[in-house]
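Order of the sequence lines fixes the chain letters, A, B, ..., with proteins taken first and strands second; residue numbering starts at 1 for each chain. If you're wondering where the values come from, they're calculated on a predicted model, not measured in any experiment.
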Protein chains: 2
Amino acid sequence: MPTAKYIQVAQEIKKRIKSGQYHPDELLPDQETLAKEFGVSRLTVKKAIDGLERKGLVYKQSGLGTYVSAPIPIKSKTDTPANFFMGLDTEMGKGRVTSQVLHFTVEFPSPEIQKNLSLKKNEPVYDIIRLRLLDGEPFVIEHTFMPLKTVPDLDEEILSKSVYHYIHHDLNLKFGRAYRRILASKPDDLDKKFLHAAPDDPMLELEQLVWLTNGTPVEYSYSRSRYDSRSYTVFENNRF
Amino acid sequence: MPTAKYIQVAQEIKKRIKSGQYHPDELLPDQETLAKEFGVSRLTVKKAIDGLERKGLVYKQSGLGTYVSAPIPIKSKTDTPANFFMGLDTEMGKGRVTSQVLHFTVEFPSPEIQKNLSLKKNEPVYDIIRLRLLDGEPFVIEHTFMPLKTVPDLDEEILSKSVYHYIHHDLNLKFGRAYRRILASKPDDLDKKFLHAAPDDPMLELEQLVWLTNGTPVEYSYSRSRYDSRSYTVFENNRF
DNA sequence: GAGTGGTCTAGACCACGCC
DNA sequence: GCGTGGTCTAGACCACTCC
């Protein structure tokens, strides 16, 4: 099963942008020309470019053409895309993230967790707290709830490595969608102890509910970081 | 110039979901059936449904069909979508937002602002600080920079109403894309004075760079709220 | 095998920005 | 008027899920 053509075309155009073959704020070849070059229909080229536009690599003006986006000038070191669907380790760069399991139990879900994960009160969940370290430095505390029936046979071995990898490769499941909330709050005891937050250090929290592609809720979690170690970014296009 | 068919179809399907004609976690009619009903091609129906899927109203499983999403159980009162492109007033509900202009000058841009808004050092910008009130209660301080050449003739009258409306309707310009960063920080003097933030109250900040559809940077701004009055939400679909 | 959504094509017409 | 991207169609084939 080969990759879809529009994905391949998108990858090739992306490569050309990254390599400098197409320059910032300059026009791409028109869709008909690209279609001929790649030996595909115009619609396939449009689909490829639409994907790149959603990600912010190009922007279009009807009547004029498709332009390569200039680099965004306000990038920061603490930036983390708020639209990831991978584990922290792949997100931050392989091998930089390690984990320390602070809490790992199986419990019947509270009414709130029942609601969030669409569970009956006799369907147990894992209750997991992990300290995640980046290059050995503590930087996130993750509190995660997952249904046992959806993610069976979790153990500390998996938790200290990558739960994402386990779900994806061993269970062969795929994340479908996520609802995320970003908020600020005051530090709690765990923040102070493990992230060395001072009493007046603001905390940044990402709360999320994640579903599999088949519609099953698979994770409810909140991740807390010190205000000076993390920020979340979103790119939005008004045309979609 | 009528609205595109796929938009109309999407609106009709959305209406049916909202009205309860299609139920949560149940299948929609298949695309062929909907295409016949609406008198359009299947691709047009697919395009409509894709849009709804991106917004989270439905989810699809190849081989099975399209399901209506169940309501998200973790909504909160302070939630604000992080993907808006409207003014605060339309975002929060008409007429609830008022504004107090704390600062309004025209200046040559600092090197940082030059970079963010792609300006030469002799191209002036507005430097605007506004206190936004919701139902009369202070809840956001917005610090905004906009190029004078792109948004001419701004005045306090417009600032106290809706800059968005002015840009959109009077200048006939349209926002195209935005890069946003969400972060936590300690309160500054303005936060303490106008938002009544205590010294240890965390602040939530949204920093953003906005472009018009023609690629021109039009706004660099940061908006600060007290941690207990605001949170930002994102919905993501892994398929796009 | 039947039914679903995903992809792809060739061709057409339209709206938009510019000259 | 010309060239661009946006929309739309009819028809085809494929991959996936369930029976």
Side-chain angles (χ1 to χ4, degrees), chain A residues 1-11 13 22 25-54 57-69 172-174 176-177 212-216 237-240, chain B residues 1-11 13 22 25-54 57-69 172-174 176-177 212-216 237-240:
Chain A
M1 165 199 54
T3 312
K5 285 190 192 173
Y6 75 94
I7 304 277
Q8 295 179 44
V9 171
Q11 284 169 342
I13 295 176
Y22 298 146
D25 289 322
E26 284 189 2
L27 282 170
L28 251 54
D30 68 88
Q31 296 178 353
E32 196 58 63
T33 304
L34 287 170
K36 270 183 193 140
E37 190 203 325
F38 292 119
V40 300
S41 76
R42 201 190 122 203
L43 188 59
T44 301
V45 169
K46 174 168 162 34
K47 220 174 154 184
I49 294 180
D50 281 350
L52 298 177
E53 188 182 16
R54 262 195 298 276
L57 274 79
V58 301
Y59 60 95
K60 283 184 286 198
Q61 254 187 297
S62 191
L64 292 180
T66 303
Y67 295 86
V68 177
S69 300
N172 208 23
L173 301 172
K174 194 158 178 281
R177 49 207 173 101
L212 297 173
T213 46
N214 65 16
T216 315
N237 196 309
N238 204 6
R239 296 201 327 107
F240 294 100
Chain B
M1 163 200 53
T3 313
K5 285 190 195 174
Y6 75 94
I7 305 275
Q8 295 180 43
V9 171
Q11 283 169 343
I13 296 176
Y22 298 145
D25 288 322
E26 285 188 3
L27 282 171
L28 251 54
D30 68 89
Q31 296 179 352
E32 196 59 62
T33 303
L34 287 170
K36 270 182 193 142
E37 190 203 325
F38 291 118
V40 301
S41 75
R42 201 189 121 204
L43 188 60
T44 301
V45 170
K46 174 168 162 37
K47 219 173 156 185
I49 294 180
D50 282 352
L52 298 177
E53 188 181 15
R54 262 194 298 275
L57 275 79
V58 301
Y59 59 96
K60 283 184 285 199
Q61 253 187 297
S62 191
L64 293 179
T66 303
Y67 295 86
V68 178
S69 300
N172 207 23
L173 301 173
K174 194 158 179 278
R177 50 207 171 101
L212 297 173
T213 46
N214 65 16
T216 315
N237 196 310
N238 204 6
R239 295 201 329 106
F240 294 99

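Atom OG1 of A:T33 and atom CD of A:Q31 lie 10.0 Å apart (nearest 0.5 Å). Note that the CG atom of B:L27 and the OH atom of B:Y67 stand 4.5 Å from one another [nearest 0.5 Å]. Remark: B:L64 CG to A:N214 CG distance equals 9.0 Å, nearest 0.5 Å.
A pairwise comparison of heavy atoms in A:L34 and A:Y22 identifies CD2-OH, 3.9 Å as the closest pair.
In this structure, the CG atom of A:L52 is 15 Å from the C1' atom of D:dG5, given to the nearest Å. Atom pair B:L173:CG and C:dG17:P shows a separation of 11 Å (rounding to whole Å applied). A:E26 places its CD atom 17 Å from the C1' atom of D:dT4, with the value rounded to the nearest Å. Whole-Å rounding puts the A:E32 CD to D:dG5 P distance at 10 Å. Distance, A:L64 CG to C:dC19 C1': 12 Å, rounded to whole Å. B:D30 places its CG atom 8 Å from the C1' atom of C:dG3, with the value rounded to the nearest Å. The separation between B:N214 atom CG and D:dG5 atom P is 16 Å, rounded to whole Å. As a whole-Å value, the separation of B:F240 CZ from C:dG5 P is 14 Å.
Ion pairing between B:D50 and B:R54 fails under the 4.0 Å rule for side-chain N and carboxylate O.
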If the sugar-phosphate is the primed atoms plus P, OP1 and OP2 and the base is the rest, what is the B/S/- string for nucleotides 6-11 of chain C, using protein heavy atoms under 4.0 Å? BBSB--

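Contacts of A:Y6 classified as ring-ring contact (aromatic ring centres under 6.0 Å, His included), with partners at least two apart in sequence or in another chain: none.
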